[in-house]
Amino acid sequence: MKIINRVDDLRDLVAEARKAGKTIGLVPTMGALHPGHLSLVERARLDTDLVVVSVFLNPTQFNNPEDLRTYPRTVEADVALLEQAGVDIAFVPTVEQMYPEPDERVFDLGNVMRVMEGEMRPGHFNGVCQVVSKLFEMSQATHAYFGEKDFQQIAVVRAMAKQMGFDLEIISCPVVRESDGLARSSRNVRLTPEARRVAPAIYATLKASIDFARHHTVQQTVDWVTATINAYPEMEVEYYSVVDGVTLEPVSTWDDSNYIVGCITVYCGDVREIDNITYRKVVNPR
Ligand code: PAF
């Protein structure tokens, strides 16, 4: 595995690969790697000839400086994991390499960017679009891999890639969970033991809500999920939105769309956990 810190070195390697007709799979990460990231690598290895994993804690997508300050940083362990996982290139740039000048670009992608996380974390998706568009361009990726835990992020990245005319395939991969159901996340290490004990109730409640939804309206289901999770003193639901899985427009009845997803954010103590559940997917719209 090659470890690359400079953008120019990455450009040289990927240009060579593209010239040789190779496909390039990009897995963008912010480090603190866990099995969720490795599942993306595995899929990229199956699909493509050259796998590039970026490890870059992107400051422009953090609307909360405390979150950036406390985000786990484990670069050495990350690089060792990537080597073991059979990655071809680990791209580990500095902030100066990624942003030689401040990135002033403002993306307007409409509803997918404004709702849910867009509303709660102003500027977050703009920063994601800044860094991901740079990574797409620098890596010359033919395929890029994202985890479905960040369900909205995938919709935003797809919209950005379409708007900017990137010719690459965006592949969404299933959420990877702990054995008790908690979605794998780099932020999980920050949970207190008490919060970690109750956090699996998020996914357990979402799963149980599929049955509940068979006999209740969308609003009743939203209220039930929210109340069930809020019954744990350590947890507080920030939002639970039931939306169309492509447009992310809210749905008001279960017949409003063929693809319906519930997206949740919960504060477990100080840690913000996000997760989602699919209520309906009649056709594959992706
Ligand atoms: O999902 C993440 O870890 C980040 O938002 C991403 C896509 C690597 C961009 O920094």
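Atoms within each ligand, like the ligands themselves, are counted from 1 in listed order. As a basis for the values below, the full set of heavy atoms in this structure was taken, side chains included, without hydrogen atoms, waters or symmetry mates.
- Between the side chain of K149 and the backbone N or O of R184, no donor-acceptor pair lies under 3.5 Å.
- With contacts defined as side-chain heavy-atom distances shorter than 4.5 Å, the pair V218/Y279 does not qualify.
- A salt bridge links D67 with R190: the closest approach of a Lys/Arg side-chain nitrogen to an acidic carboxylate oxygen falls below 4.0 angstrom.
- Considering CG of D88 and CG of L50, their distance stands at 4.5 Å, rounded to 0.5 Å.
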Enumerate, one pair per line, all nitrogen or oxygen atoms of ligand 1 lying under 3.5 Å from a protein nitrogen or oxygen, stating the separation to 0.1 Å; write 'none' if no such pair exists.
unit_1: ligand 1; atom_1: 1 (O); unit_2: Q153; atom_2: NE2; d: 2.8
unit_1: ligand 1; atom_1: 5 (O); unit_2: Q61; atom_2: NE2; d: 2.9
unit_1: ligand 1; atom_1: 5 (O); unit_2: Q153; atom_2: OE1; d: 2.7
unit_1: ligand 1; atom_1: 10 (O); unit_2: Q61; atom_2: OE1; d: 2.6

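- Under the 4.0 Å criterion applied to side-chain N and carboxylate O atoms, E96 and R6 are not assigned as salt-bridge partners.
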Validation: residues 261-274 side-chain donor-acceptor distances under 3.5 Å, sequence neighbours left out:
unit_1: T265; atom_1: OG1; unit_2: E117; atom_2: OE2; d: 3.1
unit_1: T265; atom_1: OG1; unit_2: Y239; atom_2: OH; d: 3.1
unit_1: R272; atom_1: NE; unit_2: E238; atom_2: OE1; d: 3.0
unit_1: R272; atom_1: NH1; unit_2: E117; atom_2: OE1; d: 2.9
unit_1: R272; atom_1: NH2; unit_2: E117; atom_2: OE1; d: 3.4
unit_1: R272; atom_1: NH2; unit_2: E117; atom_2: OE2; d: 3.0
unit_1: R272; atom_1: NH2; unit_2: E238; atom_2: OE1; d: 2.6

